[in-house]
Amino acid sequence: MNRHALHGIVHDAIERPPTEIVERFKAFSVATIARACRGNGLMHHEIKPLNPGIRICGPAVTLFGRQGDANMYQGVPDSLRPGDIVIGDAAGAKSLAVCGERVAYNICRLFKAGGMVIDGAIRDKAGMEEEGVPIFYRGVDPKLFGASGPGAINVPVQCGGVIVYPGDLIIGDRDGVIVIKRGEILKVLEKVDCGSERSGD
């Protein structure tokens, strides 16, 4: 198999939005933010949370890899800070899982990621539900390839039809997931602040 141009690229140092700005966004729903953004940055509606009570909000740490390959998920903890949201680009494939219960538990519980969004398939769904893993995904399939690569960490990816750069702000709830570009975060925050004052939400 020919290697993708991004094979093996890992960027540990990324620029994240200020913590206090991220915290302010936690007060707003995806629907409120989407209204302020006119729908820009909304991921495909098939990407939904493991359970309706899940909410995530934090900077993106991005993963690129092929369908069924768990390699990049096993390597991402070295690039994480607490509260980061892991964004996995598996090209929207609903078959051949890229992440299971053990890896998701390690990422979200041991390494304190704020959540995960997988544009692809997961497995061990029951175990993830028991552990309360804050994960969004497109499909479920118990099969996977293993940890063979190729893969890359903190490169531009697509997730749910949206281009995501490392450090972009990710917000997710029962309505879906929205991406706010790092350079637009303050502008969007001003809009949602003003909108909530007018509408009361």
Side-chain angles (χ1 to χ4, degrees), residues 10-50 52-64 72-73 76-90 92 99 104 107-108 111-120 133-138 152-197 199 201:
V10 175
H11 298 293
D12 288 331
I14 64 172
E15 185 178 348
R16 294 169 172 84
T19 301
E20 60 271 20
I21 299 299
V22 175
E23 289 298 315
R24 289 177 65 183
F25 270 98
K26 291 181 179 180
F28 302 105
S29 68
V30 168
T32 297
I33 297 167
R35 182 174 63 234
C37 296
R38 299 184 177 181
N40 292 322
L42 278 172
M43 292 187 184
H44 194 278
H45 64 85
E46 287 188 345
I47 296 180
K48 292 296 185 183
L50 185 66
I54 291 175
R55 285 183 53 87
I56 59 173
C57 181
V61 167
T62 62
L63 304 178
F64 173 83
M72 56 189 176
Y73 296 88
V76 74
D78 290 339
S79 302
L80 286 176
R81 292 183 185 175
D84 286 344
I85 307 299
V86 173
I87 303 294
D89 177 0
C99 182
I107 289 172
C108 293
F111 293 94
K112 310 298 184 184
M116 303 175 70
V117 182
I118 310 299
D119 194 2
V133 174
I135 190 169
F136 291 67
Y137 60 94
R138 193 185 281 263
I153 298 174
N154 281 329
V155 297
V157 300
Q158 77 77 34
C159 192
V162 180
I163 301 300
V164 184
Y165 291 86
D168 286 349
L169 184 59
I170 310 297
I171 302 100
D173 60 23
R174 68 179 64 198
D175 283 341
V177 182
I178 193 165
V179 181
I180 304 175
K181 300 303 180 189
R182 193 173 62 238
E184 300 177 1
I185 289 174
L186 292 178
K187 180 171 66 176
V188 173
L189 181 59
E190 182 179 1
K191 287 182 178 180
V192 293
D193 270 337
C194 292
S196 63
E197 289 172 5
S199 65
D201 63 8

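The basis for the numbers below is simple: all heavy atoms, side chains too, and nothing from hydrogens, waters or symmetry mates.
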Quiz item: Considering residues at least two apart in sequence or located in another chain, which fulfil the salt bridge (Lys or Arg N to Asp or Glu O under 4.0 Å) criterion with Asp173?
Solution: Arg55

Practice problem: Report the C-alpha distance between Leu189 and Phe28 in whole Å, list the side-chain angles of each, state the deciding distance to 0.1 Å, and finish with yes or no for side chain to side chain contact (heavy atoms under 4.5 Å, CB included). | Solution: CA-CA 10 Å; Leu189 181 59; Phe28 302 105; 4.1 Å; yes

Self-check item: side chain to side chain contact (heavy atoms under 4.5 Å, CB included) assessment of Ile170 paired with Val164
Solution: CA-CA 9 Å; Ile170 310 297; Val164 184; 4.1 Å; yes

Quiz item: What is the distance from atom OH of Tyr165 to atom CD1 of Ile87, rounded to the nearest 0.5 Å?
Solution: 14.5 Å

Quiz item: Excluding sequence neighbours, so at least two apart, what forms side-chain contact (heavy atoms from CB on, under 4.5 Å) with Ala104?
Solution: Cys99, Met116, Met128, Val133

Quiz prompt | By side-chain hydrogen bond (donor to acceptor under 3.5 Å, both in side chains) - contacts of Arg24 (at least two apart) | solution = Asp193

Self-check item: With Pro134 via side-chain contact (heavy atoms from CB on, under 4.5 Å) - residues at least two apart
Solution: Ile54, Ile56, Cys108, Arg109

Quiz item: Looking only at heavy atoms, which two atoms of Gly41 and Val162 are closest? And how far apart?
Solution: O-CG2, 3.7 Å

Exercise. Answer yes or no: is there a side-chain heavy-atom contact under 4.5 Å between Asn154 and Ser79?
Key: yes

Quiz item: Would you say Lys48's side chain and Asp175's backbone share a donor-acceptor pair under 3.5 angstrom?
Solution: yes

Self-check item: Separation between CG of Leu50 and CZ of Phe136, rounded to the nearest 0.5 Å
Solution: 9.5 Å

Quiz prompt | Side chain proximity check, Val61 to Arg16, heavy atoms < 4.5 angstrom | solution = yes

Exercise. Using atom types as modelled and distance alone, determine if a side-chain donor or acceptor of Thr62 lies under 3.5 Å from a backbone N or O of Val155.
Key: yes

Quiz item: What residues form a side-chain contact (heavy atoms from CB on, under 4.5 Å) with Leu186, not counting sequence neighbours?
Solution: Ile21

Quiz prompt | Residue pair Lys112 / Leu80, side-chain heavy-atom distance below 4.5 Å | solution = no

Self-check item: From CA spacing to verdict: side chain to side chain contact (heavy atoms under 4.5 Å, CB included), Leu42, Val30
Solution: CA-CA 9 Å; Leu42 278 172; Val30 168; 3.8 Å; yes

Self-check item: Residues forming a side-chain contact (heavy atoms from CB on, under 4.5 Å) with Cys57, sequence neighbours excluded
Solution: Val22, Phe25, Lys26, Leu169, Ile171

Self-check item: Minimum heavy-atom distance between Ile178 and Ala34, given as atom pair plus value
Solution: CD1-CA, 3.7 Å

Practice problem: Would you check if Asp89 and Cys159 make a side-chain contact, meaning some heavy-atom pair closer than 4.5 Å? | Solution: no

Self-check item: Under the side-chain hydrogen bond (donor to acceptor under 3.5 Å, both in side chains) test, residues paired with Arg182 that sit two or more places apart
Solution: none

Self-check item: Contacts of Asp119 that satisfy side-chain hydrogen bond (donor to acceptor under 3.5 Å, both in side chains) - sequence neighbours left out
Solution: Arg138, Gln158

Quiz item: With sequence neighbours left out, what residues match Arg174 under salt bridge (Lys or Arg N to Asp or Glu O under 4.0 Å)?
Solution: none

Self-check item: From Arg35 atom CZ to Ser29 atom OG, the distance as rounded to the nearest 0.5 Å
Solution: 7.5 Å

Exercise. Please name all residues satisfying side-chain hydrogen bond (donor to acceptor under 3.5 Å, both in side chains) with Tyr73, sequence neighbours left out, ordered by chain then number.
Key: none

Quiz item: Which heavy atom of Ile47 sits nearest a heavy atom of Met43, and at what distance?
Solution: CD1-SD, 4.2 Å

Exercise. Kindly write out the residues that satisfy salt bridge (Lys or Arg N to Asp or Glu O under 4.0 Å) with Asp168, not counting sequence neighbours, or none if the list is empty.
Key: Lys181

